[in-house]
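Input: a single structure, listed below in structure tokens.
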Amino acid sequence: MLIIDSLKNNNFSNAEKAVANKLIELQDSIKDISVRELAKMSYTSTSAVTRLCNKLGFDGYNDFKEKYIEEIAYENSHFDNIDANFPFTKDDNLARVMNSIGELYQETTKDTLSLVDYYDYIEAVKILKNCRNIYLLSIGQTFNAGKVFADRMYRIGKNVIVSDNFNEQFYYSYNTLENDCFIIITYSGSTPRTISYIDNVAKSKSKLILITSVGENEIKKKADVVLPMTTREKLYTNIATYSSFISTMLILDMLYSCYFQDNFDENLKHKREVAKLYEPLRRATNEVMTED
């Protein structure tokens with residue numbers, strides 16, 4: 001959940017609500033505001049500020065302030081001219097609809113890349129290299145992106161287990177072994193079934209790579225690596241989950257590419273051999289497709 005949404009929570013004391021309302025009002029201008037100043041501006045106390053920050057899952061005001069400013073900066077970047085939920089309207093002509101979707105792809109790509117921490121991808125590749133089996137668990141449309149990732153990894157000799165059966169997904173997470181790893185994809189991070197998968201993996205000695213939305217939530221603390229996806233869509237009110245799917249596919253493509261590049265020559269050799277054995281009768285239909 002985004003911090004700005006958490007601040008709108010009603011489960012606060014009156015003093016904490018006063019602090020939360022002031023934080024919503026101030027936004028990123030809190031950068032130069034101390035805890036004492038914030039308490040004075042909200043007509044509360046420093047202890048009320050600290051309690052609110054603790055309730056939101058932060059160690060204190062400074063920890064909260066750093067993450068809040070980062071989140072606001074993200075919210076204010078990209079997507080200035082396109083709405084991820086409604087990239088086109090009922091009055092747009094066909095050309096405008098198609099151009100809007102193209103623009104949405106571009107904005108989602110830029111947005112996803114802005115969230116990349118290269119060290120996280122390096123760590124994720126290490127986990128994938130050192131595990132015996134990779135289990136990819138996902139509910140909803142991103143499952144199809146997971147299938148594409150699995151197919152690409154199969155072609156270079158790495159086993160990725162994907163199932164759309166919820167019972168099997170639960171058993172995989174429950175019966176995991178020390179040298180297994182999991183990639184779990186969840187946009188909201190709040191689906192009970194997905195949380196049960198994460199809890200199962202967290203109790204084991206296997207590794208967890210989590211692909212999820214921007215914002216603070218408890219499940220991130222249980223992952224070995226978190227790869228954030230574009231977070232611009234409402235849960236229900238949208239034409240389609242365009243940007244979250246595009247972002248997930250891009251993240252998985254980058255993860256596959258980083259893994260491939262780590263042992264480039266061997267992976268390319270393996271992929272060529274598999275392709276030629278699997279499709280020996282395939283022929284080029286134009287010069288671009290012709291092999292050297």
To the nearest 0.5 Å, what is the distance between [atom1] ([X]) and [atom2] ([Y])?
X    : Y    : atom1 : atom2 : result
S42  : L23  : OG    : CG    : 7.5 Å
L137 : S196 : CG    : OG    : 9.5 Å
I134 : L255 : CD1   : CG    : 8.0 Å

Can you confirm whether [X] is buried at [atom1], in the sense that more than 12 heavy atoms of other residues, nucleotides or ligands lie under 6.0 Å from that atom?
X    : atom1 : answer
K126 : NZ    : no
Y154 : OH    : yes
Y105 : OH    : no
E279 : CD    : yes

**Asked** For residues 52-61, which residue pairs qualify under side-chain hydrogen bond (donor to acceptor under 3.5 Å, both in side chains), counting only residues two or more places apart or in two chains?
**Response** E16-K55
**Asked** Restricting to pairs with a member in residues 170-179, which pass side-chain hydrogen bond (donor to acceptor under 3.5 Å, both in side chains), not counting sequence neighbours?
**Response** S173-N200, T176-S206
Basic-acidic side-chain contact under 4.0 Å: [X], [Y]:
X    : Y    : value
R232 : D83  : no
K147 : D151 : no
K22  : E25  : yes

**Asked** Between S163 and Q169, does any side-chain donor sit less than 3.5 Å from a side-chain acceptor?
**Response** no
**Prompt:** Do S243 and T230 have a side chain donor and acceptor closer than 3.5 Å?
**Reply:** no
Do [X] and [Y] share a hydrophobic cluster, counting only Ile, Leu, Val, Met, Phe, Trp and Tyr and linking them when any side-chain heavy atoms are less than 4.5 Å apart?
X    : Y    : result
L277 : V274 : no
L210 : Y119 : no
I251 : I122 : no
F149 : I161 : no
I211 : I195 : no

With a 3.5 Å distance limit and no angle check, can you tell me whether [X] reaches the backbone of [Y] through a side-chain donor-acceptor pair?
X    : Y    : result
K158 : L128 : yes
S34  : E37  : yes
T142 : F245 : no
H78  : T108 : no
D92  : F88  : no
E233 : Y242 : yes
N85  : K234 : yes
D63  : G60  : no
T191 : R193 : no
S45  : A48  : yes

**Message:** I'd like to know whether R152 forms a salt bridge (charged side-chain N to carboxylate O under 4.0 Å, His left out) with D253, so could you lay out the CA-CA distance, the side-chain angles of the two residues, the decisive distance to 0.1 Å, and finally the verdict.
**Reply:** CA-CA 9 Å; R152 288 174 178 166; D253 278 350; 2.3 Å; yes
**Full working for side-chain hydrogen bond (donor to acceptor under 3.5 Å, both in side chains) between T186 and T212** = CA-CA 5 Å; T186 172; T212 191; 4.9 Å; no
**Centroid separation F264 to F260 less than 6.0 Å** = yes
**Request:** Could you tell me which residues satisfy ring pair (Phe, Tyr, Trp, His ring centres under 6.0 Å) with Y74, sequence neighbours excluded, listed by chain and number?
**Result:** none
**Asked** Closest heavy-atom contact between A18 and T44?
**Response** CB-CG2, 3.8 Å
**Item:** Smallest separation among heavy atoms of V49 and L38, with atom names
**Value:** CG1-CD2, 3.9 Å
**Message:** With side chain to side chain contact (heavy atoms under 4.5 Å, CB included) as the test, pick out the partner of I219 among I198, L208, V226, I184.
**Reply:** I198
Taking C-beta and beyond as the side chain, do [X] and [Y] meet within less than 4.5 Å on heavy atoms?
X    : Y    : result
M229 : I185 : yes
F64  : I30  : yes
E273 : K269 : yes

**Item:** Set of salt bridge (charged side-chain N to carboxylate O under 4.0 Å, His left out) partners for K110, sequence neighbours left out
**Value:** E107
**Complete:** Residues passing the salt bridge (charged side-chain N to carboxylate O under 4.0 Å, His left out) test with D28, sequence neighbours excluded, are none
**Request:** Only pairs at least two apart or in different chains count here, so list each ring-ring contact (aromatic ring centres under 6.0 Å, His included) that has a residue in residues 178-209.
**Result:** Y135-F182
